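I have placed the structure first, in the form of C-alpha cells, so that the comments after it can refer back to it.
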Amino acid sequence: MASPITIFNNDELLFEATDIKEAAEFLAEHLNTTKNRCYNLIERGYVYNIPYYVEENEYRFVAPEEIATNRRKQLEERGHKNARRVWLVPANPNEYDLASAFSRYETLDWKRSFNYENGDILFMYVSGNIQKVRYKVEVIEGLVRSNDVKYNKMFWNDEEKFEQSKEWKWTRFRLVDEVYTNELSFSQLREHGLKGKIQGSMILTGELRDYVMSFFEHDLTEGYYPDLVSETLEEGKRKTVRVNVYERNPIARKQCMGHYGAQCQVCGLNFEDTYGEVGKDFIHVHHIVPLHEIQQDYIVDPIQDLIPVCPNCHAMLHRKENGVYLSIEQLRQRIVNTI
C-alpha cells in the first residue's frame with residue numbers, strides 16, 4: 001500500500017508524493033543529489049520528525065501518523081540503520097543539578113556534544129557520588145536555535161562551566177522515565193558490556209543496550225500531560241485553564257501516582273477499569289495549593305500538594321464559585337449529594 005509523503009520547505013508546502021520513492025525522486029532533483037541519500041533522510045524525517053537543513057532552508061517530511069508509527073516499530077525491531085539511536089550520556093552533578101532541573105521541568109536543553117537527532121533516546125548516567133544511570137530522555141529538537149536556548153542558570157553549580165555553555169550548541173529533550181537502582185550502577189554496567197569509563201556520550205548497542213533499556217518501562221509524559229484543562233460552557237462555548245508547572249512535572253506526578261494510584265480522588269473514576277488498556281495510567285494531577293500562595297523557592301511535596309483527578313473534576317477544581325475555588329472534599333461532597 002502506498003504511503004503518502006508531504007514535503008515542506010520552511011513550513012510551506014513544497015510537494016505531495018504518493019509514496020517515499022516519488023518523494024525521494026523529487027527531492028533528489030530539487031537538491032541535485034542522489035535518490036538513495038534522499039530516501040534515507042526522508043524516512044528518518046517522517047518517522048521521527050527530523051528536519052533536514054540546507055543552508056537556511058528547513059525541509060520537513062510528513063506522513064499519516066499511523067504510517068509513521070508502524071514504520072518506526074519496524075525500523076526498531078529490525079535494528080535498521082534508519083532507526084533512532086540510543087545513547088549513554090554522562091551528567092556531572094557537580095556542574096549541573098539535573099535532579100533539581102527535572103523536579104521542575106519536563107523538558108531541558110542539553111549540550112549537543114554529538115549530533116543527537118529528533119527521536120534519539122539518551123540514558124543519562126549521573127556521575128559524582130551517584131554513579132548510576134538515572135534518566136531516560138527523548139530528543140525532541142536535535143538542534144535548538146541559539147535564540148531559543150533555555151540556559152536554566154539556577155541549576156548550574158559551576159559558574160565557569162555556565163559561562164562556557166553560552167558558546168555551545170544545544171539539544172532539547174523530554175523526560176521519559178526515571179529510576180533509582182543499584183542494578184544500573186557503574187559496576188553493573190561493566191558486568192553487562194561497558195568498556196572503559198563513561199567520559200563522553202556513546203551509542204549503546206547489543207547486551208548493554210538491552211540491559212539498560214530493561215529497567216525503563218514507563219513514559220512519564222507522553223499523552224498524560226495536557227497543557228490545558230478544557231471545560232464546556234453554555235451554548236457550546238469552551239473555556240481553557242492553564243495547568244501549572246507542578247501539575248505537569250513528570251517526577252512529581254510519578255511519586256503522586258505511586259502513593260494514590262491512577263484513580264480520581266474526587267469521583268473515583270479509574271480509566272483502565274472503564275475503558276480497558278487504552279486508559280491504563282491515564283489521569284490528571286491537580287495542585288492543591290493555589291498558585292498565588294506558591295513562592296519562587298517552593299519545593300513541591302508530591303503526596304501533600306498533588307492529587308490525581310479525572311479531567312472533568314480537574315476542570316471543576318479550576319473554576320471559582322463566588323470567587324473561591326472548591327476544595328477536593330467540597331467537590332467530592334457535591335458528587336455524593338447528586339447520587
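Hydrogens, waters and symmetry mates are skipped; everything else that's a heavy atom, side chains included, is used. No experiment lies behind these values; they were computed from the predicted model shown.
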| Is it true that D109 and K150 have a side-chain N and a carboxylate O under 4.0 angstrom from each other? | no
| request: Tell me, with the steps shown, if R60 and N9 meet side-chain hydrogen bond (donor to acceptor under 3.5 Å, both in side chains). | output: CA-CA 7 Å; R60 289 189 175 272; N9 180 14; over 6 Å; no
| query | Going by atom types only, do Y53 and E58 share a side-chain donor-acceptor pair under 3.5 Å? | reply | yes
| query | What pairs meet the ring pair (Phe, Tyr, Trp, His ring centres under 6.0 Å) rule with one or both residues in residues 54-83, with sequence neighbours excluded? | reply | H30-Y59
| Looking at side-chain heavy atoms only, is the closest gap between F102 and E178 below 4.5 Å? | no
| query | Is E138 salt-bridged to R84, going by a charged N under 4.0 Å from an acidic O? | reply | yes
| request: Indicate the atoms forming the closest heavy-atom contact of Q188 with N182, along with that distance. | output: CG-O, 3.5 Å
| task | Assign the ring pair F123 / F216 to parallel, tilted or perpendicular, where the plane angle (0 to 90°) is split at 30° and 60°. | result | tilted
| request: Could you state whether I50 and F8 fall into the same hydrophobic cluster, counting links through intermediate Ile, Leu, Val, Met, Phe, Trp or Tyr residues with side-chain heavy atoms under 4.5 angstrom apart? | output: no
| said: One thing to verify: whether R85 and E117 come together as a salt bridge, which I'm taking to mean a side-chain N less than 4.0 angstrom from a carboxylate O. | reply: yes
| said: Can you tell me how far apart CD1 (I67) and OH (Y46) are? Round to the nearest 0.5 Å. | reply: 7.5 Å
| task | Would you list the pairs meeting ring pair (Phe, Tyr, Trp, His ring centres under 6.0 Å) in which at least one residue belongs to residues 174-197, sequence neighbours left out? | result | H192-Y211
| said: Assess, by modelled atom type and distance only, whether the side chains of N10 and N57 contain a donor and an acceptor separated by less than 3.5 Å. | reply: yes
| Which residue pairs satisfy the side chain to side chain donor-acceptor pair (under 3.5 Å) criterion with at least one member in residues 261-277, sequence neighbours excluded? | none
| task | Please state whether the rings of F26 and F15 are parallel, tilted or perpendicular, taking 30° and 60° as the class boundaries. | result | parallel
| query | Do we see a donor-acceptor contact under 3.5 Å between the side chains of N82 and E43? | reply | yes
| field | F114 with V144, same ILVMFWY side-chain cluster at under 4.5 Å | value | yes
